[in-house]
Amino acid sequence: MDQVVERAVLAGARERHSRLARHRFRGRVARVLCAELAARRARPAVEPADLLDVVAHAATGRTRDADLAEVFLSCLFAVAGSVGFLLGWSLYLAGTAGTGPVHPAWVVREALRLWPVAWQFGRTPSREHRLAGVTAKPADEVVVCSYLVHREPAYWSEPDEFRPERWASGAGQEAFIPFGWGPHACTGAGVATQVTETLVGLITAAHRLEVAAPSPRPQVSAALAPPRFHLRLDPVSRSEGR
């Protein structure tokens with residue numbers, strides 16, 4: 001799993017390996033996962049020891065091991081990729097801003113506003129629509145850029161500035177779509193934000209953050225990842241914590 005994260009999840013990982021190498025690696029990962037899933041499914045169901053146990057025993061006997069392997073990898077990508085990038089953005093922005101203690105939920109939401117991990121959403125219309133004077137047909141793909149929506153001055157004051165306190169009032173919620181919108185929005189949105197808020201709260205409550213980044217440029221691909229940075233955590237004394 002460490003190799004999967006290193007070679008397929010981290011920002012820019014795919015560009016560091018050839019297409020043939022990626023194809024061979026995917027095949028090897030599939031074989032290893034399918035063999036492990038088959039072994040675990042053959043055992044009596046017990047209290048799950050890890051995520052692979054949960055996946056192995058949550059399906060019916062007719063479910064293919066290959067399908068379960070895809071489910072497991074999707075969970076891994078979501079946790080190590082999407083949630084990991086969001087946590088990285090939250091700590092990076094909080095550390096570079098140098099502000100005092102801020103509610104972790106505000107930090108996470110402001111990180112999602114400024115740098116949404118899923119920065120583009122593509123949809124195919126089920127029927128013909130007129131959108132802003134343009135006809136979108138079922139053969140077309142409509143792409144919405146959440147990055148631009150989140151920085152629209154009509155909805156956000158100082159849209160390019162990191163201001164977590166703006167979330168105290170909840171203003172601008174109608175122009176906030178980090179997980180998509182409507183019935184096809186990400187079903188894991190609540191879990192992702194809750195996990196990240198908890199981690200940010202635990203880290204910032206016990207430490208002062210100091211960030212050093214060679215470049216402020218984000219790493220742009222299918223996901224919007226933070227720049228490479230070094231994070232220093234200085235423990236907060238009890239008197240400071242009070």
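This one's a predicted model, so the numbers in the text were calculated from it and none came from an experiment.
At a threshold of 4.5 Å between side-chain heavy atoms, the hydrophobic network of Ile, Leu, Val, Met, Phe, Trp and Tyr places L93 and L233 in one connected group. In the hydrophobic clustering of ILVMFWY residues, with side-chain heavy atoms under 4.5 Å counting as a link, L86 and L114 come out together. Connection of V71 to V79 is not established within any shared hydrophobic cluster, with ILVMFWY side chains joined at heavy-atom distances below 4.5 Å, either directly or through further cluster members. By the rule that hydrophobic residues join a cluster once side-chain heavy atoms approach within less than 4.5 Å of another member, V55 and V32 end up as members of separate clusters.
Considering every non-hydrogen atom in both L112 and P178, the closest pair reads CD2-CB, 3.9 Å. Contact record, L224 with P116: CB-O, 3.3 Å, taken as the closest heavy-atom pair. When every heavy atom of V211 is checked against every heavy atom of G95, the shortest pair comes out as CG2-CA, 3.7 Å. Of all the heavy atoms in F121 and G180, the pair that sits closest is CZ-N, 3.2 Å. Taking each heavy atom of S90 and V107 in turn, the nearest pair found is O-CG1, 3.7 Å. Listed here is the closest heavy atom pair of L51 and C75: CD2-CB, 3.7 Å.
The structure places CD of Q3 at 5.0 Å from CZ of F25, a figure rounded to the nearest 0.5 Å. Remark: T204 OG1 to L209 CG distance equals 6.5 Å, nearest 0.5 Å. The distance from the CG atom of D65 to the CD atom of E70 is 12.5 Å, given to the nearest 0.5 Å. Put simply, CZ on R43 and CG on D53 are 7.0 Å apart, with the number rounded to the nearest 0.5 Å. Considering CD of E110 and CD of E161, their distance stands at 9.5 Å, rounded to 0.5 Å. Interatomic distance, K137 NZ to H129 NE2, rounded to the nearest 0.5 Å: 13.5 Å.
Here the side chains of V236 and R208 are in contact, with some heavy-atom distance below 4.5 Å. No side-chain heavy atom of L202 sits under 4.5 Å from any side-chain heavy atom of E197. Using a 4.5 Å heavy-atom cutoff, the side chains of V191 and V83 are not in contact. Contact check for V149 versus Y155: no side-chain heavy atoms found under the 4.5 Å cut-off. Looking at T63 and R41, their side chains come closer than 4.5 Å, going by heavy atoms from C-beta outward. Within the 4.5 Å cutoff, no side-chain heavy atoms of P227 are placed close to those of S215. Inter-residue side-chain proximity for V144 and Q120 is flagged as unmet; no heavy-atom pair is nearer than 4.5 Å.
Under a 3.5 Å cut-off, the side chain of H230 and the backbone N or O of A213 do not form any donor-acceptor pair. Distance alone, capped at 3.5 Å, is enough to place a donor-acceptor pair between the Q219 side chain and the P226 backbone. Under a 3.5 Å cut-off, the side chain of R113 and the backbone N or O of H150 do form a donor-acceptor pair. The backbone N or O of R109 sits nowhere less than 3.5 Å from a side-chain atom of T193 that would complete a donor-acceptor pair.
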| Residues D140, T135; criterion side chain to side chain contact (heavy atoms under 4.5 Å, CB included); working and verdict | CA-CA 9 Å; D140 299 326; T135 301; over 6 Å; no

| said: Between L76 and M1, does the side chain to side chain contact (heavy atoms under 4.5 Å, CB included) criterion hold? Intermediate values first, please. | reply: CA-CA 9 Å; L76 177 67; M1 291 303 98; 3.9 Å; yes

Practice prompt. List the steps and the verdict of side chain to side chain contact (heavy atoms under 4.5 Å, CB included) for Q194 and L199.
Written response: CA-CA 9 Å; Q194 184 176 11; L199 291 172; over 6 Å; no

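With salt bridges taken as basic N to acidic carboxylate O contacts below 4.0 Å, none links R166 and E158. A salt bridge links E165 and R163; the closest N-O separation between the charged side-chain nitrogens and carboxylate oxygens is under 4.0 Å. Between D50 and R40 there is a salt bridge, since at least one side-chain N of the basic residue sits less than 4.0 Å from a carboxylate O of the acidic one.
Taking the centre of each ring, Y147 and W115 come in below the 6.0 Å mark.
Here R64 pairs with D67 under the salt bridge (Lys or Arg N to Asp or Glu O under 4.0 Å) rule; sequence neighbours left out.
Taking the six-membered ring where the residue is Trp, Y92 and W89 present perpendicular rings, their angle passing 60° and hence far from 30°. Classified by interplanar angle (parallel below 30°, tilted 30° to 60°, perpendicular above 60°), the ring pair F176/W156 is perpendicular.
Sorted by first and then second residue, the ring-ring contact (aromatic ring centres under 6.0 Å, His included) pairs with a member in residues 192-220 form an empty list; sequence neighbours excluded.
The one candidate from R7, R22, E6 that meets the side-chain contact (heavy atoms from CB on, under 4.5 Å) condition with R16 is E6.
Counting non-hydrogen atoms of other residues, nucleotides and ligands closer than 6.0 Å to NE2 of H23 gives a total of 12 or fewer.
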